[in-house]
K.L.:
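What follows is a single structure, and I will ask about it in a moment.
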Amino acid sequence: MNQVDSLQKGIDYIENNLIGEIRNENLQFVTSMNITQFQKTLLSITGYTVGEYIRNRRLTLAAFELINSNNSVLDIALKYGYDSSEGFSRAFREFHNINPGEIKKSKTNFHIFNRITLEIKVNGGSKMAFEIVELNNQDFIGFKTIAFGNMNKDIDTRWDNDDDAWESSRKEQNDLMTDDHIWYEVYKKTDDSKYAHYICSKCSSIPNGCETVHFDGGLFAKITTKKCKYPTEQLKDVYYQTLIDNEWLANSGYKLDESRNQLYITNWTMIDKEERYIEIYLPVSKTE
């Protein structure tokens with residue numbers, strides 16, 4: 001068994017026992033590694049200690065359970081390994097920036113930490129702000145780019161399309177550039193094999209080759225990346241694999257509405273490049 005397989009078996013054991021006791025001797029058995037070696041290797045590859053990973057995953061599942069069940073805060077605290085509601089509330093507030101009692105009322109505005117899977121690289125394990133929001137209809141100024149493939153299923157094609165569009169449209173981008181350096185991307189489904197992709201801004205005039213792009217509002221799942229120099233690097237594995245595979249949305253009580261448009265907002269500030277971030281707005285509807 002190679003090291004990646006051993007680590008994955010350990011992560012799988014943890015995931016299967018997030019409700020209940022996670023025992024070191026069991027981790028050693030399933031991974032064929034002593035516990036110290038497993039802990040050090042997991043930290044070096046993923047950046048998380050075993051304790052951090054378990055805590056982040058349990059607090060994520062606890063948030064979904066608070067939203068979707070009538071169980072009390074104490075019952076959920078005990079279920080996920082906390083001895084008291086006070087200790088659970090402190091950890092919950094530190095992770096989610098909201099109290100457990102408040103999330104039962106608001107049903108949104110919390111954080112999620114998704115399951116890690118190991119291949120040649122690490123997928124997942126990213127903490128992003130997540131909330132359900134209502135957006136109004138609005139208009140942008142933009143231009144249409146190349147867009148082949150299903151908007152949410154032909155993921156590699158969509159990723160390549162986006163890269164090609166940004167690389168091939170420098171002049172149009174400069175014409176749209178505004179002082180705030182905020183870009184808007186609107187995705188509209190055409191049919192199961194095509195979609196329209198618009199790169200937009202909110203400039204007051206319409207440059208040559210551009211058009212008014214209408215965005216239909218409604219209910220959206222908003223995901224915000226961590227601020228960093230290149231926030232796009234967080235997207236491919238987190239958005240395409242995790243959201244579309246419904247790990248987040250299915251557990252939140254919402255489902256992706258593929259018939260409606262999507263919106264990306266990229267703050268590409270040139271003043272402090274470590275403050276760049278991306279907001280993703282995925283159209284959703286309540287699950288029945």
Side-chain angles (χ1 to χ4, degrees), residues 46-48 52 56 59-60 63 93-98 103 106 108-114 116 121-136 138 140-142 145 151-152 155 158-159 161-163 165-167 169-170 173-174 176-187 197-203 213 215 217-245 247-249 252 254 256 261-284:
T46 70
Y48 298 103
E52 288 172 336
N56 290 347
L59 290 171
T60 296
R93 185 168 54 251
E94 181 179 347
F95 183 82
H96 292 289
N97 296 327
I98 189 173
I103 202 172
S106 69
T108 184
N109 297 333
F110 58 101
H111 290 97
I112 43 185
F113 182 92
N114 54 307
I116 284 178
K121 60 181 179 179
V122 178
N123 296 325
S126 295
K127 181 180 178 181
M128 290 186 176
F130 176 94
E131 60 181 310
I132 302 297
V133 298
E134 188 83 30
L135 294 183
N136 295 324
Q138 50 190 305
F140 302 99
I141 303 300
T145 74
M151 187 164 63
N152 292 315
I155 301 307
R158 173 169 170 177
W159 191 256
N161 285 344
D162 287 1
D163 284 347
W166 282 97
E167 288 298 324
S169 58
R170 297 298 186 188
Q173 294 169 39
N174 290 335
L176 284 172
M177 180 63 72
T178 55
D179 291 340
D180 56 13
H181 293 278
I182 295 179
W183 297 103
Y184 302 83
E185 290 183 77
V186 177
Y187 294 83
H197 172 213
Y198 299 89
I199 298 176
C200 309
S201 79
K202 286 192 172 181
C203 56
V213 181
F215 175 81
L219 199 63
F220 289 82
K222 175 186 175 183
I223 302 96
T224 306
T225 66
K226 293 183 292 186
K227 292 182 178 180
C228 64
K229 190 173 183 179
Y230 298 112
T232 51
E233 294 178 357
Q234 300 174 47
L235 294 185
K236 189 171 185 180
D237 295 330
V238 174
Y239 165 65
Y240 290 128
Q241 294 181 18
T242 307
L243 285 176
I244 301 306
D245 287 346
E247 179 174 339
W248 293 355
L249 289 179
S252 68
Y254 294 88
L256 188 66
N261 48 201
Q262 302 176 9
L263 176 67
Y264 280 36
I265 300 177
T266 304
N267 187 322
W268 205 255
T269 175
M270 304 302 289
I271 299 173
D272 185 349
K273 295 182 180 180
E274 295 297 331
E275 289 294 305
R276 293 170 172 171
Y277 63 89
I278 295 176
E279 295 175 358
I280 309 166
Y281 294 83
L282 297 176
V284 296

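All values below were derived from every heavy atom in this structure, side-chain atoms included, with hydrogens, water molecules and symmetry-related copies excluded.
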K.L.:
With distance as the sole criterion, is a donor-acceptor pair present between the side chains of Tyr187 and Glu185 under 3.5 Å?
P.N.:
yes

K.L.:
Give the minimum heavy-atom separation between Val133 and Lys222, together with the two atoms involved.
P.N.:
CG2-CB, 4.1 Å

K.L.:
Would you say Pro231 and Lys226 make side-chain contact, with heavy atoms under 4.5 Å?
P.N.:
no

K.L.:
About how many Å separate OH of Tyr264 and CD1 of Ile280, when rounded to the nearest 0.5 Å?
P.N.:
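Here the rounded value is 5.0 Å.
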
K.L.:
Do you know which two heavy atoms are closest between Ile141 and Cys203, and how far apart they sit?
P.N.:
CG1-O, 3.5 Å

K.L.:
Hey, could you give me the CG/CZ distance between Leu256 and Phe220, rounded to the nearest 0.5 Å?
P.N.:
10.5 Å

K.L.:
Tyr48 vs Ile116, test: side chain to side chain contact (heavy atoms under 4.5 Å, CB included). Steps then yes/no.
P.N.:
CA-CA 10 Å; Tyr48 298 103; Ile116 284 178; 4.1 Å; yes

K.L.:
Identify the heavy atoms of Asn97 and His111 that sit nearest to each other, and give their distance.
P.N.:
ND2-CE1, 3.3 Å

K.L.:
Would you compute the distance between atom CD1 of Ile98 and atom CZ of Arg93 and round it to the nearest 0.5 angstrom?
P.N.:
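So the gap between those two atoms works out to 11.0 Å.
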
K.L.:
So, taking the atom named CD in Glu52 and the one named CZ in Phe95, what distance separates them when rounded to the nearest 0.5 Å?
P.N.:
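Nearest 0.5 Å value for the CD-CZ distance: 11.0 Å.
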
K.L.:
Any idea how Trp268 and Tyr230 line up, ring-wise: parallel (<30°), tilted (30 to 60°), or perpendicular (>60°)?
P.N.:
tilted

K.L.:
Ile199 vs Trp166, test: side chain to side chain contact (heavy atoms under 4.5 Å, CB included). Steps then yes/no.
P.N.:
CA-CA 8 Å; Ile199 298 176; Trp166 282 97; 3.6 Å; yes

K.L.:
Are any of the side-chain heavy atoms of Phe215 and Leu135 separated by less than 4.5 Å?
P.N.:
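SC-SC contact between Phe215 and Leu135 confirmed.
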
K.L.:
Within the distance-only criterion (no hydrogens, no angle test), does the side chain of Gln173 pair as donor or acceptor with the backbone N or O of Ser169 below 3.5 angstrom?
P.N.:
yes

K.L.:
Any side-chain heavy atom of Val186 within less than 4.5 Å of one from Phe140?
P.N.:
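Heavy-atom side-chain distance check passes, below 4.5 Å.
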
K.L.:
Atom CD of residue position Glu134 - does it have more than 12 heavy atoms of other residues, nucleotides or ligands inside 6.0 Å?
P.N.:
yes

K.L.:
Once you round to the nearest 0.5 Å, how far does CD1 of Ile278 lie from NZ of Lys227?
P.N.:
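Reported value, rounded in 0.5 Å steps: 13.5 Å.
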
K.L.:
Starting at SG of Cys228, measure out to CD of Glu274 and round the result to the nearest 0.5 Å.
P.N.:
7.0 Å

K.L.:
May I ask you to test the Met177-Trp183 pair for a side-chain heavy-atom distance under 4.5 Å?
P.N.:
yes

K.L.:
Do you know which two heavy atoms are closest between Tyr198 and Cys200, and how far apart they sit?
P.N.:
CB-SG, 3.6 Å

K.L.:
Which heavy atom of Ala63 sits nearest to which heavy atom of Phe110, and what is that distance?
P.N.:
CB-CD1, 4.1 Å

K.L.:
Over all heavy atoms of both residues, which pair between Thr269 and Ile271 is shortest? Give the atoms and the distance, please.
P.N.:
OG1-N, 3.1 Å

K.L.:
Can you see whether Thr145 engages His197 through a side-chain donor-acceptor pair at a distance of less than 3.5 angstrom?
P.N.:
yes

K.L.:
Compare all side-chain heavy atoms of Tyr277 with those of Thr224 and state whether any distance is below 4.5 angstrom.
P.N.:
yes

